[in-house]
Each structure stands twice: as C-alpha cells, then as structure tokens.
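Here the structure comes first, spelled out in structure tokens, and everything after it is commentary.
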Number of protein chains: 2
Amino acid sequence: MIMAKQTVVQIDNQATEILTRNNLSITGGRKRILHLFLEQAGALAHGDIEKKVGEKFDRVTIYRTLQTFVDKGIIHTIPTADNSIRYALCKDECSGGHHHDHHVHFVCTVCHITYCLDDVVTPALKFPKGYTSSHVEVVAEGVCRNCKPQH
Amino acid sequence: MIMAKQTVVQIDNQATEILTRNNLSITGGRKRILHLFLEQAGALAHGDIEKKVGEKFDRVTIYRTLQTFVDKGIIHTIPTADNSIRYALCKDECSGGHHHDHHVHFVCTVCHITYCLDDVVTPALKFPKGYTSSHVEVVAEGVCRNCKPQH
DNA sequence: CTTATTTTGCAACTATGTTGCTTTTTTAAT
DNA sequence: ATTAAAAAAGCAACATAGTTGCAAAATAAG
Ligand SMILES: [Mn+2]
Ligand SMILES: [Mn+2]
Ligand SMILES: [Zn+2]
Ligand SMILES: [Zn+2]
C-alpha cells in the first residue's frame, strides 16, 4: 500500500480533526506536536520534540501535551532498552487511555529510529502457575529496512 | 526444586567467588551490592540499592559498580514501562557483556517486584521483509504469584 | 463581546545519570 | 611485611529528565 505524501494543509486538517474528535482545545502547541508525529514514520522521544519545537514551546508544555495525548489514546509509549520513553501515534481503534497496541516495536541500532510494526502481533505466552499477565510489551532490536546493507 | 535459605557466610563466599571468577577486585561496595542481589528474588533498580547502601557508599560508586557488573555479565538490565532500569543476576552461562538472557520478565502491578521468568523463553518472531532483529526483549505486566488474590 | 475554563510559561525543585580529578584501597611484586 | 602500580571510591560539578504550584495568556462557550 503506497500512500501519497500528504500536503501541509492535509496534515494540519488531520491534526485539528484529531484534537476535535478527542474534545481537546485546539492550540498551537498541540497542533505543532501532532504535526511532528503525522509528518514522519518513527516514534519520538520527549527530547526529539524539544529539539524541534523547544524554542517555540516550553518544556513543561511538551511534557503535559504528551501526557494528555497518552491519556486520550492519541499516542502510546514504547519502552526501550536505553531507558528513554518513545511516543508513537496510535491507530484509530485506541481510545481513552485504553490502548489496543498488541504490536511489536523495533528499534534500529543504526539509525536509532523506533518503528511500530503494526503487522507483527504480540505473541501469546504461557506463564508459570500463579502469574497472571494483563499486558505484554515486545521490543526488538536490530537493523531496519532502510539501514539494511546492500548486497 | 526447593532451595534451603543460605546463611550469611554462604552468601558472602558466593559474592567473593563471583568477583574472583570475573577478575574483579574484592571491595566492600561490590560485595555489599552483590549481597543485595543474592539475598532476594526480584530485580533491583539503582534507587533501591541507593536506599539500602546509600549512606555507606557514594551514588557514583553504585552506578559504576552496576555498570561493571553488566559489562562482566554478572547482572543484566531489564527495561520497564515506567522508564527505570532494573538489574537482575544473570545465570552462570552469561559472560563478558554477551548475555544469553532469552527469558521473559514480569513486573507485578501490585508489589512492583520485577521477576526473571527463567523458564519462559522469548518467542521467535517473524519480522517484515528487510528487518533483521538481533535481540528481543519481552516484559509482561500483571499480578505475581504472591499477590494473587486468594479464593 | 464577555466570562468561565483551559492551557501555557515560568520558577523552583527532585530525581537520575555522567565526567574529571584526587584520595584511598586493593593487588601484586619484592 | 614493604612497597609500587593499578584499580576503585569519593567528591564536586555538571547534564538531562521529569514534576509541581501559580500567575498570565489563550481558548471555548454563551
Ligand atoms: Mn506502536
Ligand atoms: Mn532476567
Ligand atoms: Zn535504521
Ligand atoms: Zn506481586
């Protein structure tokens, strides 16, 4: 499925639509941060966002915006081995803090981009007697499609 | 397999033996921190260790000791959703920074203990074309054996 | 346009982690 | 046991990450 690159106006409309749908006030900061997620493929860390919009918006605003988006189910967090939380857009099915993110995440060791592998489903696991699991996170590390060495 | 609770002397000998085997100088701090891992089941965060031995040893020493242990393959790190690295003892097969920790980790949402489920093996995954994975981390969340509600 | 509500910025603070350098401890050789 | 070399620990200073309270500004609703 090849998707045409969206125009700036389309992305802006999409950002506004997401905010409206989630009953959030439409503000410059929220739209700007949503743009970042809509414009590119990988996940973003707080630091990435701060580097890009930090002069325009306060650190605290970025933290609060990300938390709001997580609460609303607009984005989800991805735990990584290097102990820095990444955030990525949720698919439409997510709602109100209750995410249905049963997909695997992939961190490229070359370009350091974190991908949502939406088609790789979190496998079912058999736990020892007495352990009841409510959620499983899978994070794979390796080399991504773009960084794969050419033969 | 029921294991008898070890005496303090036995734990101390074990700590010394681990340090010797890994060509590490035997120091009070390293033995003390190893004791903490040997004495109890779950994983430890830097903060946990600092609370227990922080008055006796400097924060920096704890950081450096943990890093040394990771480098030597004595302990391994466990990524968690709350963005705080936990450390747990490696099984004997691990060596020199090259861990063979293909087991699943379990974080209890009640007691917040992190367990190494040594018998639950990391499942094999089929990745999309172009992605090559070198390592997969699985962290499950739920209620542990001890916190399971009694019927 | 006006008012109530929400969001933002700012300051201050806590927590976490790192680095350079000096002193102390440990190890190994005499 | 002494001693010299090597390693570890402590200290200070710094960097990054994240939180909270409150006042000012922006947004939404009427
Ligand atoms: Mn994802
Ligand atoms: Mn483990
Ligand atoms: Zn890559
Ligand atoms: Zn528990």
Side-chain angles (χ1 to χ4, degrees), chain A residues 12 15-36 43-72 74-87 96 112 114, chain B residues 12 15-36 43-72 74-87 96 112 114:
Chain A
D12 199 77
T16 306
E17 191 271 325
I18 289 172
L19 292 174
T20 305
R21 176 154 40 89
N22 287 280
N23 295 309
L24 291 173
S25 304
I26 294 167
T27 69
R30 286 177 178 166
K31 280 176 71 172
R32 187 77 191 78
I33 291 176
L34 266 184
H35 276 215
L36 293 181
L44 295 169
H46 175 273
D48 300 328
I49 297 169
E50 197 177 327
K51 278 187 202 93
K52 291 186 184 176
V53 306
E55 284 165 36
K56 206 114 194 331
F57 301 100
D58 193 83
R59 276 165 22 84
V60 179
T61 300
I62 298 172
Y63 279 114
R64 290 199 269 230
T65 302
L66 289 171
Q67 189 54 55
T68 301
F69 286 178
V70 170
D71 291 343
K72 288 288 186 176
I74 298 171
I75 59 178
H76 61 278
T77 61
I78 305 166
T80 57
D82 71 334
N83 207 26
S84 74
I85 298 177
R86 307 288 168 86
Y87 300 86
H112 299 106
T114 300
Chain B
D12 199 76
T16 306
E17 192 271 324
I18 289 172
L19 292 174
T20 306
R21 177 155 39 90
N22 287 280
N23 295 310
L24 291 173
S25 304
I26 295 167
T27 69
R30 286 178 178 167
K31 280 176 71 173
R32 187 78 192 79
I33 291 175
L34 266 183
H35 276 215
L36 294 180
L44 295 169
H46 174 273
D48 300 329
I49 297 169
E50 197 177 328
K51 277 187 201 93
K52 292 186 184 176
V53 307
E55 284 165 35
K56 207 115 193 336
F57 301 101
D58 193 83
R59 274 164 24 82
V60 178
T61 300
I62 298 172
Y63 279 114
R64 290 199 268 231
T65 301
L66 289 172
Q67 189 54 55
T68 300
F69 287 177
V70 170
D71 291 344
K72 288 287 186 177
I74 298 170
I75 59 178
H76 61 276
T77 61
I78 305 166
T80 57
D82 72 333
N83 208 28
S84 73
I85 298 177
R86 307 287 170 86
Y87 299 87
H112 299 106
T114 300

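Chain identifiers are assigned alphabetically (A, B, ...) following the order of the sequence lines, protein sequences preceding nucleic acid strands; residue numbering begins at 1 within each chain.
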Please tabulate, one pair per line, each protein N/O and nucleotide N/O from nucleotides 6-12 of chain D that are separated by under 3.5 Å, including the distance.
residue, atom, partner, partner atom, Å
D/dA8, OP1, B/Arg30, NH1, 2.7
D/dA8, OP1, B/Arg30, NH2, 2.6
D/dA8, O5', B/Arg30, NH2, 3.2
D/dA9, OP1, B/Thr27, OG1, 2.7
D/dG10, OP2, B/Asp58, N, 3.1
D/dG10, OP2, B/Thr61, OG1, 2.8
D/dG10, N7, B/Arg64, NH2, 3.2
D/dG10, O6, B/Arg64, NH2, 2.4

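A/Ile62 has its CD1 atom 14 Å from the C1' atom of C/dC10, to the nearest Å. Separating the CD1 atom of B/Ile85 from the C1' atom of C/dG17 is a distance of 10 Å, rounded to the nearest angstrom. With rounding to whole Å, B/Tyr63 atom OH is found 18 Å from D/dC14 atom P. In this structure, the NZ atom of A/Lys31 is 17 Å from the C1' atom of C/dT6, given to the nearest Å. With rounding to whole Å, A/Lys51 atom NZ is found 11 Å from D/dT16 atom C1'. Going from atom CD of A/Glu50 over to atom C1' of D/dT19 covers 14 Å, rounded to whole Å. D/dT20 atom P lies 10 Å from atom CD of A/Gln67, rounded to whole Å. When rounded to the nearest whole Å, the span between NE2 of B/His46 and P of D/dT16 equals 19 Å.
Of all the heavy atoms in A/His35 and A/Ala15, the pair that sits closest is CD2-CB, 3.9 Å.
A/Asp71 is listed as a side-chain neighbour of A/Gln67, based on a closest heavy-atom distance under 4.5 Å. Side-chain contact check for A/Leu19 versus A/Phe69: some heavy-atom pair is nearer than 4.5 Å.
Put simply, the side chain of B/Arg86 never gets that close to the backbone of B/Thr80: no donor and acceptor are under 3.5 Å apart.
With hydrogens and angles left out, the side chain of A/Arg59 and the base of C/dG9 share no donor-acceptor pair within 3.5 Å.
Residues satisfying the side chain to side chain contact (heavy atoms under 4.5 Å, CB included) criterion with A/Glu17, sequence neighbours excluded, are A/Arg21.
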Can you give each donor-acceptor pair under 3.5 Å made by side-chain atoms of residues 52-66 of chain A, sequence neighbours left out, with the distance rounded to 0.1 Å?
residue, atom, partner, partner atom, Å
A/Asp58, OD2, A/Val60, N, 2.9
A/Thr65, OG1, A/Thr61, O, 2.7

